[in-house]
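Presented below is the structure to which this report refers.
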Amino acid sequence: MTDADDAPWLTVVGWGESGTAGLTPASREALQAAEVVFGARRHLRLLPPLAAEVREWPVPFADGIPELLAERGRRTVMLASGDPFWFGAGATLARHLAPGEWRSLPTPSTFSLAASRLGWSLEGVTCLGLHARPLTRLRPHLHRGRRLLVLLRDGAAVAALAGWLGRVGFGASQLHVLEALGGDEERVRCLHADAELPDDIAHPVAVGLEVAGDGPALPLTPGRPDHWFSHDGQITKQAVRAATLAALAPMPGERLWDIGTGSGSVAIEWLLAHPDNRALGLERDAERAERARHNARELGVDWLEVIEGDAAALLADDLADAPPPEAVFIGGGLSEALLDALWPRLPAGTRLVANAVTLESEALLAQRQRELGGELVRLELSAATALGSRRGWRAAYPIVQWRVVK
């Protein structure tokens, strides 16, 4: 068998607005030797004449994968923007291929080109690809003086970004609009988010964002103030939420089940703890379920999943094959039936935290603590309030919290 026989059939070539002028010799060689070349329309317009069959990659992106895989065994090139493995197509393609089937030949990413144009130190900049993701993913990163590089879908998305920044108090931010970087039509313009934006912003486009304004930064520690969450009163209050998150002890990459999620505040704070964290909320009330989704979107963790229905029934049906959690919080709907349905489902090592406020639910937690172990903690909070011409302490309902590791 020759070396050519062992070579990967697919080469993912990083492609920029300079076309073949920006390619390495290895990338040029792969293009010349290709039998089939795939690429988006904007990539193909920069191709020189080739002996290969040239095919436009369809939209949506996933529709092109079966076509690509059907060419297995032929010398195939897939054109992908810049560095295919930095907010690019590379990782998506690699999931469908064995390691020996492909190789990647990157060119400088849009982030690298943008940082070079602006003179920004790339390691000190937050880089985000928001082609198909909500602009609110930026919310945890907004604080005065922060720099971000953001890839956007088109000029309309730049205008939407500017408008959203104004609504959340950061309209004074400076936008460096970078179009067609690396190509003959490259253009860099500096604008303010609260100014009127030009209507001729061309794709591909990135924005260098220098955050400024009077908008509030999202606090870093668990137990964010209640006003960050839209709610109808059914919310785990700030101080109790801080203690609850401390008991849940989120670690990177872990999954939470938040039962009786209400406003979603505990699940959202779990997700804010680390970008690799995942959370599933169970909520029987449809209006509260939608409110939790809304809160998650507004605070930049739109990947919170919320399922509507009775928790005990969901555990038996919809969640029968769901990935198991590392931690579970019961903030609402606590009952004997729920605990009976939940406990056998949990793998060893799962951390369970349940909060109770009524005498009946306190008694249930006390019973389960005697049977299953763990610890009971009573949280009592008082706030100073007016008492005639003086002040006194007004106590909130005490919370009994059961913390146990299965």
Side-chain angles (χ1 to χ4, degrees), residues 139-140 218-226 228-229 231 234-283 292 295-296 299-307 311 315 319 322-334 338-339 341-357 361-362 364-366 368-381 396 398-406:
R139 192 62 187 90
L218 185 62
L220 295 176
T221 56
R224 276 86 175 176
D226 294 345
W228 282 96
F229 306 93
H231 61 89
Q234 295 299 310
I235 182 174
T236 303
K237 299 299 193 294
Q238 179 182 9
V240 175
R241 192 179 339 114
T244 298
L245 266 294
L248 288 168
M251 289 182 279
E254 289 193 324
R255 184 180 303 273
L256 171 74
W257 286 359
D258 182 4
I259 299 176
T261 196
S263 67
S265 61
V266 170
I268 289 168
E269 297 227 42
W270 173 278
L271 295 175
L272 287 169
H274 196 276
D276 289 341
N277 286 2
R278 295 295 178 263
L280 172 66
L282 308 183
E283 175 55 57
N295 284 333
L299 295 177
V301 289
D302 53 279
W303 58 93
L304 171 64
E305 181 183 0
V306 182
I307 301 178
L315 287 166
L319 299 183
E326 282 75 27
V328 176
F329 172 57
I330 304 175
L334 180 64
L338 172 60
L339 292 176
L342 175 65
W343 188 259
R345 287 285 313 277
L346 301 180
T350 304
R351 308 185 296 280
L352 171 64
V353 177
N355 288 354
V357 67
S361 55
E362 280 188 32
L364 176 58
L365 292 188
R368 292 304 170 104
Q369 190 266 341
R370 285 194 300 270
E371 296 171 356
L372 302 172
E375 62 177 338
L376 287 176
V377 176
R378 186 178 174 93
L379 305 174
E380 298 189 72
L381 299 170
I399 302 291
V400 172
Q401 188 174 86
W402 179 37
R403 307 170 178 178
V404 64
V405 178
K406 184 173 180 183

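Note that the numbering runs from 1 along the sequence shown for the chain.
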Regarding N355 and Q401, is there a side-chain donor-to-acceptor distance under 3.5 Å anywhere? yes

Check step by step if side chain to side chain contact (heavy atoms under 4.5 Å, CB included) holds for I268 and R224. CA-CA 10 Å; I268 289 168; R224 276 86 175 176; over 6 Å; no

Any idea which heavy atoms bring L218 and P140 closest together, and the distance? CD2-CA, 4.2 Å

A356 versus L334, closest heavy-atom pair with distance: CB-CD2, 4.2 Å

Would you say T350 and L352 make side-chain contact, with heavy atoms under 4.5 Å? no

Looking only at heavy atoms, what is the nearest atom pair of R241 and D226, with distance? NH2-OD1, 2.6 Å

Separation of L256 CG from E326 CD (nearest 0.5 Å): 9.5 Å

Between W270 and L245, is there a donor-acceptor pair closer than 3.5 Å when you use the side chain of the first and the backbone of the second? no

Mind checking the CG-CG spacing from L365 to L339? Nearest 0.5 Å is all I need. 7.0 Å

Where P225 and P219 come nearest, the two heavy atoms and their spacing: CD-CG, 4.0 Å

Looking at side-chain heavy atoms only, is the closest gap between P323 and R255 below 4.5 Å? yes

Got I399 and K237 here, is their nearest side-chain heavy-atom distance under 4.5 Å? no

Anything under 3.5 Å between a donor and an acceptor, one on a side chain of residues 369-378, the other on a protein residue two or more places apart or in another chain? List them.
unit_1 : atom_1 : unit_2 : atom_2 : d
Q369   : NE2    : G374   : O      : 3.1
E371   : OE2    : Q367   : NE2    : 3.1
R378   : NE     : E380   : OE2    : 3.3

Is it the case that the side chain of R351 and the backbone of L248 share a donor-acceptor pair, with hydrogens and angles ignored and the cut-off at 3.5 Å? yes

Just do the side chain to side chain contact (heavy atoms under 4.5 Å, CB included) check on D258 and L304 with the steps written out, would you? CA-CA 10 Å; D258 182 4; L304 171 64; over 6 Å; no

If you round to the nearest 0.5 Å, how far is CD of E269 from OG1 of T244? 10.0 Å

With the side chain counted from C-beta on, respond yes when L280 and P325 share a heavy-atom pair under 4.5 Å apart, and no when they do not. no

Atom OG1 in T261, atom CD1 in I235: separation rounded to 0.5 Å? 10.5 Å

Could you tell me whether a side-chain N or O of W257 sits under 3.5 Å from a main-chain N or O of L282, the two making a donor and an acceptor? no

Expected output: side-chain N295 to main-chain F229 donor-acceptor under 3.5 Å: no

Measure the CG-CG distance between L272 and L299 for me, rounded to the nearest 0.5 Å. 6.5 Å

For the backbone of G253 and the side chain of N277, can you confirm whether one donor and one acceptor N or O come within less than 3.5 Å of each other? yes

Nearest non-hydrogen partners of W343 and K406, listed with the distance: O-NZ, 2.7 Å

So, for W303 and P275, which heavy atoms are closest and what is the spacing to 0.1 Å? CZ2-O, 3.9 Å

